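Predicted model only: the values in this text are computed from it and were never measured. Each residue takes its place number in the sequence, starting with 1.
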Amino acid sequence: MGPRDALNRSTATSIRVAMGMLKRRTGEALTDGQLTNPELTVLAQIDRNGPITVADLARLQQITPQAMGSTVASLEKHGLVTRSPDPDDRRRSLLTVSSAGGDVLHSSRDVISDRMAVALGESFTDDEVAILAAAAPLLERLAQRF
């Protein structure tokens, strides 16, 4: 293994550990009655990529369409997403975020973002925040290509 391979592996391990901790803390930020992490993730995916099919959502999340269907059914039950026929293929349905879903998504994001912003303000220097701000799009790109 070359030096770049060793650095890639070490970096990947550090990111995996940090993201796992961040995901657990994000879940702790949500209170009873709010969406679960998987529901919030799916709602955000629909918001970013919609209108979208259940199968396409499943591919994005790298899970089975059946598992995605369960999460989508829960979001539908709460009135957070709506289904409409795909104009290109009437056998398929397209999902979009409802008005209520948009409200829930934004309030959940606000809770998490507010807690994270407090932590950044209390525990990080301006230079560290700038580094994290520069790294955020790179982490998103890594998540998309992983």
ILVMFWY cluster, [X] and [Y] together (side-chain gap under 4.5 Å):
X      : Y      : value
Leu139 : Val129 : no
Met19  : Leu142 : yes
Leu94  : Val72  : no

Indicate whether any N or O donor in one side chain lies under 3.5 Å from an N or O acceptor in the other, for Ser98 and Thr82.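 Absent: no donor and acceptor within the cut-off.
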
Once you round to the nearest 0.5 Å, how far does OG1 of Thr96 lie from CD1 of Ile52? 11.5 Å

Looking at OG1 of Thr41 and CD of Glu39, how far apart are the two atoms once the value is rounded to the nearest 0.5 Å? 10.0 Å

For residues Val97 and Gly102, report the shortest heavy-atom separation together with the two atoms involved. CG1-N, 3.2 Å

Quick one: side chains of residues 61-69, donor-acceptor pairs under 3.5 Å with protein atoms, not counting sequence neighbours, listed by atom name and distance.
{"from": "Gln62", "atom 1": "NE2", "to": "Phe146", "atom 2": "O", "distance (Å)": "3.2"}
{"from": "Thr64", "atom 1": "OG1", "to": "Ala67", "atom 2": "N", "distance (Å)": "3.1"}

Please list, chain by chain and in numerical order, all residues satisfying salt bridge (charged side-chain N to carboxylate O under 4.0 Å, His left out) with [X], sequence neighbours excluded.
X      : value
Asp5   : none
Glu128 : none
Arg59  : Asp56

Other ILVMFWY residues reachable from Met21 by side-chain steps of under 4.5 Å: Val17

Counting C-beta onward and ignoring hydrogens, is there a side-chain heavy-atom pair between [X] and [Y] closer than 4.5 Å?
X     : Y     : value
Leu80 : Ile46 : no
Leu57 : Thr71 : no
Gln45 : Leu95 : no
Val42 : Leu35 : no

By side-chain contact (heavy atoms from CB on, under 4.5 Å) - contacts of Ala44 (at least two apart): Arg48, Leu105, Arg109

Main-chain N/O of [Y] paired to [X] side chain as donor or acceptor, under 3.5 Å:
X      : Y      : value
Ser123 : Leu120 : no
Ser10  : Ala6   : no
Arg24  : Gly20  : yes

